[in-house]
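Here is the structure we will look at, set down as structure tokens.
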Amino acid sequence: MRAYLPDYHLRAPKTLSDALELLAREPGMWRAFAGGTDLMVLLEFGALKHKNFLSIRHLPELRGIEVTPEHVTLGALTSYTEIQRDADVRREFPLLCAAARETGGIAIQNRGTLGGNVVNASPAADSPPALLVYDAELELVSASGTRRVAYRDFHTGYKQMDMRPDELLRSIRLPRTTGDLHTYYRKVGTRKAQAISKICFAAGARLASDGRIRDARIGLGSVAPTVVRCARTEDVLRDQTPDEATIKAACASLVQEIVPIDDMRSTAEYRARVAANLLADFLSTLKIDGGKSDSA
Amino acid sequence: MSDEEMSREADVRCTVNGTTHTLRVRPMARLLDVLREDLHLTGTKEGCGEGECGACSVLIDGELVNSCLVPVLQVEGAQVQTIEGVTAGGAELHAVQQAFIECGGAQCGICTPGMVLAAVSLLAHTPQPTDADIRHGLAGNLCRCTGYMKIFDAVVRACERAGVKA
Amino acid sequence: MQTEIVGKPVPRKEGRSKVTGAARYVDDLSMPGMLYGATVRSPVARGRIRAVTFGEGIPWDEFVVVTAKDIPGENAVALILLDQPYLADGFVNHAEEPVLLLAHEDKHLLERARRAVTVDIEPLPAVFTLEESLAGKEIVWGEDNVFKTYLVDKGDVDEVWAQPDLLIVEGEYSTGAQEQLYIETNGVIAVANAAEGVTVWGSMQCPYYVHKALLKLFALPPERVRVVQCETGGGFGGKEEYPSMIGGHAALLSWKAGGRPVKIIYDRAEDMVATTKRHPSLTRHRTAVTREGKLVAMDIEFVVDGGAYATLSAVVLSRGTIHAAGPYTCPNVRVRSRAVATNVPPHGAFRGFGAPQSIFALERQLDKVAGAVGLSPAEFRRRNFIREGETTATGQVIREPVDMAGLLDRAFELTDYEAKRERFARENAENNSTQKRGIGFASFMHGAGFTGSGEDYLKSIVGAEADAEGRVRVLAASTEIGQGTNTIFAQIASNALGLDYDLVEMAQPDTGNVPDSGPTVASRTCMIVGKLVESAAVGLRQTLQGAGLLTEEYTQDGWREACRQYVERYGALKSFSQYKPPPGVHWDDEKYQGDAYGAYAWAVYVAEVTVDTLTYETRVDDFVAVQEVGKVVHPILAAGQIEGGVAQAIGFTLYENVVWQDGRMINNQMTNYVMPTSADLPPIRVHFEEQPYQYGPAGGAKGIGELPMDGGAPAILNAIEQATGVRFTHVPLMPEALMRGLNENR
Ligand SMILES: Cc1cc2nc3c(=O)[nH]c(=O)nc-3n(C[C@H](O)[C@H](O)[C@H](O)COP(=O)(O)OP(=O)(O)OC[C@H]3O[C@@H](n4cnc5c(N)ncnc54)[C@H](O)[C@@H]3O)c2cc1C
Ligand code: FES
Ligand code: FES
């Protein structure tokens, strides 16, 4: 291990209010430590800059999946395994389930948390594109209260987000208004498991009875400094029939809207082209069967 | 709080393979190192330290995890099972272990403890796995020797055995 | 007598200890007073060392520090040439070259100290690719950047080009570096001081290589150096030469520390960035063929990138050169080959050892030639397969029945190849599905044992001993690295003596206790060393019979009784056997002509793929490996070897891409250098044909270890060509490259 262990500190505050109080007392001093599947990797490489952490894994307020008539609310500590095992989530939020199933391997799915995935703010994270499609809302708590942020406004730049150092992510809330979306999920990461996405594509749409697209939603990972919801391309699709001309226009718009880069995992050219191919594939499944499409 | 106070060690109480321990440890130490160095349970292996290979797999409260990614503080109050705990009592091998020997599931053996635990965990959750279930269930455990085929055979044989017993 | 044991899937000797976690690998060992060692490495690829600075905040006086000045003997890793230093002395030739060693008992502090050392280097121009090296962009080794050249010359290639009515087909092919990615990283423990000499325990394939290197490094006589192999978590060639380096480093630290044990275990990132990989290669083919599809000439240029030092490149090049023309009959063959220097960490042994590279090129080229002649790839090969009595490129007369066409038939039958080939062609053309299918194959051979006179030079020795209870121990330096050495040697010995398998054990490879049976490489363990095991075992029986203690026919109890009496009367019962070449083997090292290998394994591999034109990803749907390997000693172990090798070949072809920047691997994590998981591989179906080799052990075994690495890449790319219509020429074929290829060919 390349980190100097004695430099690091990890505490487990007894209650949520203890944790929030510590965070408030010396803002920036402590950071949350959930499943550790992102943080421990940085520690291994000696690249974990922050030194003091509060383990939050045991805090019940951050756990559990709650279902009300309007929302399904996932505690920040919900693991990928828990997501897949939950019948409501499976039925109503297949994109999130698909993402969870394709995250890491079983051991990562058991340990990694949805909250950690969100706050880690990797542009290559796999659940956020799904959360974007579902118009997720985040609930942030601090000693001074609770506030809600629309997830699509949360990430403000590469690894930057609308969250104060004294705040914790408590939960992720999904409106139960998307059960009838035609959905499409595709993670592209060279291999089938334990892969970091080169592209992560999540989309949903509704067709009106006249065959026009009513509500298109496209969430993408690994094509910009943050995960993105492609609003301009969604505008291009709105009220169009998904015919060839529409598909062409949408793909053209998509490659304009995203800003992929070359890195050691892939190329900008590949990312743009595959994103467009997947969009075209998604739209053509809408056209052909008009029914529920597959979630890879 | 002073710096000294902060980097102090902590006591962690947990059960490893059925024995309860109180460990004086640095809270951020990897469970992997505590098992190998403090408890001398060297059956748990390190292949990468980054959660990719699964050689360090153990079960915490019955769930498969990578012990290289778990800070020891987080096993407070937990039940940890390592490969040494799979062979209960020492004499009789677990059906999965027996099947690994018979089917050629272990070659160099370095991935084997983790792979056995992944298989044990898979069968605990999915007693009659399909080929796809097996492939998915073991995908976090890399093996460079076998190409996995003999490992799949072993898992199938282990659950056939279990089926016969049941 | 007991029933036949050869060919039976007996339980692996160390199977139980491996499945229970009891097996002890080097990192599982600890010694009193042990220190941990770390390596400070060069930050740049080539340059002059100006200064080494030790940063603030580290109690340096607590550290053991070793530089080139501390080396008691010669500062060179003894292998083929003596050009590679243990520690850079004033000059570095590749990124991550070891400059300085540190040891401390606290491994966390050690790591902090390692990071606090700054090596200041005046950078010099460097070459990073084989092309740059060939072009002489900068001379970085010797006079011309060339480590080694070979010329194989059969007939007269130059005479052919002008002949009328021939088709001439050219092609250029290349392969990338590949990381061995054994799951156990390199590691050793050493104890060394002037009084007791040097002992190294570690993860390794070749204890006597390390032994030889330590003799030079410490200027000690052989009896003062001892090397012990621990349970080894995979090698694949990656632990052939490198343990000499890391073993030497740990020993130097221990020596300086007055004999305190020193352990060095690389973490994954260091292992990937600093140790050897498969040689990248470039092959050019020019093939002349008649309109009927008979090969007339093959002119082949084969170049491998050896990295910064000579290491084993000459031998890798040799194997690649000899396999470059494959299992075909061709009257005129010329192979010109070179291993060149670049400023990257030395490339080294990796399963197949040059052959996968040159076979990839050949098998891609032959599909192209077949197309040019208007024959199917299969029909074209059928017309040119080598047969008994015909000669290879080196002029070796094949004296054994070889039936490549039969292997091809079998492979095609198992895969329904012809029907699928036809169906995929139709479906790809007809429907506009985003999923394109293809099926392809490769036919090839792989020589077992050292090349040419290599085994003659090695003169390997194996011993066997029996105790008073009649238990037999095989004494050999051949290592168990997962491939099953312990098990097959015990089978061979028990078979030779008619004893129970359980009565035979392997001694731990320890140069203090076992003779030099040669390195565990080159698919030689079963065929060459196994034969010696057999004769050493037979020697025990003959000794007992010579002493009048054992009758011609005997029972196991009779054997035990004879051993008891022998040991009582004469003491230890041991027998040794040394390699002797089979009769009639000739090899000319100058001309590179003659019997290159004692025996070959022959194979046809078929791959079926789907290419997704949305993501440009290729999935291998089915893989069939048909081979003739002589007598199969252990069906499960043998199939396991093939399956594992095929999996590595699939990785080499579609997944494993070393990303270089200024001569350094930058994706040196398992997250970013991606090997196949259990979810990625197709069913790998293995079939053996058995044609006993008359000089092989246990009724005629040959070697199989490297063979399965050879056929995957060309078979898969041949299949992708059917799926996409694009003639790809480089592996790894990553989706990004496949995309470019598809677009360019639209
Ligand atoms: C082998 C491996 C494979 C992986 N595969 C994938 C993959 O396929 N797809 C993918 O998207 N990710 C993958 N990951 C990354 C990682 O597993 C996920 O991002 C995971 O969801 C992180 O959750 P965690 O609880 O482990 O986070 P931690 O490591 O505990 O924390 C991550 C970050 O989030 C912060 N944080 C965590 N919880 C909270 C909270 N409640 N409030 C405020 N801040 C918080 C932490 O301070 C830290 O900055 C992989 C990781 C590994 C090691
Ligand atoms: S060592 Fe923990 S996953 Fe590789
Ligand atoms: S048996 Fe060697 S890595 Fe799996």
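Every chain is numbered from 1, with letters handed out A, B, ... down the list of sequences. Note that this is a predicted model, so its numbers are computed, not measured. Computation of the quantities below employed the complete heavy-atom set of this structure, encompassing side-chain atoms and omitting hydrogens, waters and symmetry-equivalent molecules.
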For C:Glu179, is there an ion pair with C:Lys277 - N to carboxylate O distance below 4.0 angstrom? yes
Can you tell which of C:Gly645, C:Pro11, C:Pro676 has the highest number of heavy-atom pairs within less than 4.5 Å of chain B? C:Pro676
Nearest atoms (heavy-atom pairs only) where B:Ile83 meets B:Gln97: CD1-NE2, 3.9 Å
Between C:Met272, C:Glu643, C:Met675, which shows the greatest number of heavy-atom pairs under 4.5 Å with chain B? C:Glu643
For the CD1 atom of C:Ile666 and the OH atom of C:Tyr673, what is their distance to the nearest 0.5 Å? 14.5 Å
Compare every heavy atom of B:Gly62 with every heavy atom of B:His125, then report the nearest pair and how far apart it is. CE1-O, 4.2 Å
Leading residue by heavy atom contact count with chain C [cutoff under 4.5 Å; candidates B:Gln107, B:Glu102, B:His94]: B:Gln107
Cation-pi geometry met for C:Arg278 and C:Phe652 (6.0 Å, 45°): yes
Could you tell me whether B:Asp33 and B:Arg30 have a side-chain N and a carboxylate O separated by less than 4.0 Å? yes
Looking at B:Ile60, is its backbone amide N or carbonyl O close enough to the side chain of B:Gln81 to form a donor-acceptor pair, meaning the two atoms are under 3.5 Å apart? no
Considering only NZ, NE, NH1 and NH2 on the basic side and carboxylate oxygens on the acidic side, decide whether C:Glu480 and C:Arg12 come within less than 4.0 Å. yes
Which atoms of B:Glu50 come close to chain C, meaning under 4.5 Å heavy atom to heavy atom: side chain ones, backbone ones, both, or neither? side chain
Mind telling me whether C:Tyr182 and C:Phe236 have parallel, tilted or perpendicular rings, with 30° and 60° as the class edges? parallel
Which atoms of C:Leu637 come close to chain B, meaning under 4.5 Å heavy atom to heavy atom: side chain ones, backbone ones, both, or neither? neither
Cut-off 4.5 Å, heavy atoms of chain B, and the answer for C:Glu14 is side chain
Relative to chain B, which of C:Ile684, C:Asp680, C:Val646 shows the most heavy atom pairs under 4.5 Å? C:Ile684
What closest approach, in Å, do C:Val632 and C:Ala638 show between heavy atoms, and which atom pair accounts for it? CG1-CB, 3.8 Å
Portion of B:Lys45 that has a non-hydrogen atom of chain C nearer than 4.5 angstrom: side chain
Most contacts with chain B, counted as non-hydrogen pairs under 4.5 angstrom, among C:His634, C:Gln180, C:Gln483: C:Gln180
Taking the side chain from C:Arg268 and the backbone from B:Gly47, do they hold a donor-acceptor pair closer than 3.5 Å? yes
With a 4.5 angstrom heavy-atom cut-off, could you sort out which part of B:Glu37 is near chain C: side chain, backbone, both or neither? side chain
Chain B heavy atoms under 4.5 Å from C:Thr671: which part of the residue, side chain, backbone, both or neither? both
Do NZ/NE/NH1/NH2 and the carboxylate oxygens of B:Arg144 and C:Glu184 come within less than 4.0 Å? no
Please list, in residue-number order, every residue in residues 25-34 of chain C that has a heavy atom less than 4.5 Å from any heavy atom of chain B; write 'none' if there are none. C:Tyr25, C:Asp27, C:Asp28
Against chain B, work out which of C:Asp267, C:Val10, C:Thr677, C:Thr232 has the most heavy-atom pairs shorter than 4.5 Å and name it. C:Thr677
Heavy-atom contact with chain B under 4.5 Å, split by part of C:Ala679: both
With chain C as the partner, which of B:Ala132, B:Cys143, B:Gly104, B:Cys145 has the greatest number of non-hydrogen pairs under 4.5 Å? B:Cys145
C:Tyr501 ring centre to C:Lys8 NZ or CZ under 6.0 Å, with the angle to the axis within 45°? no
So, are B:Arg135 and B:Asp131 salt-bridged, with charged N and O less than 4.0 Å apart? yes
Under a 4.5 Å heavy-atom cut-off, does chain C meet the side chain of B:Ala139, its backbone, both or neither? both
Toward chain B, the part of C:Lys107 with a non-hydrogen atom under 4.5 Å: side chain
Given a strict heavy-atom distance threshold of 4.5 Å, which part of C:Pro682 is in contact with chain B: side chain, backbone, both, or neither? backbone
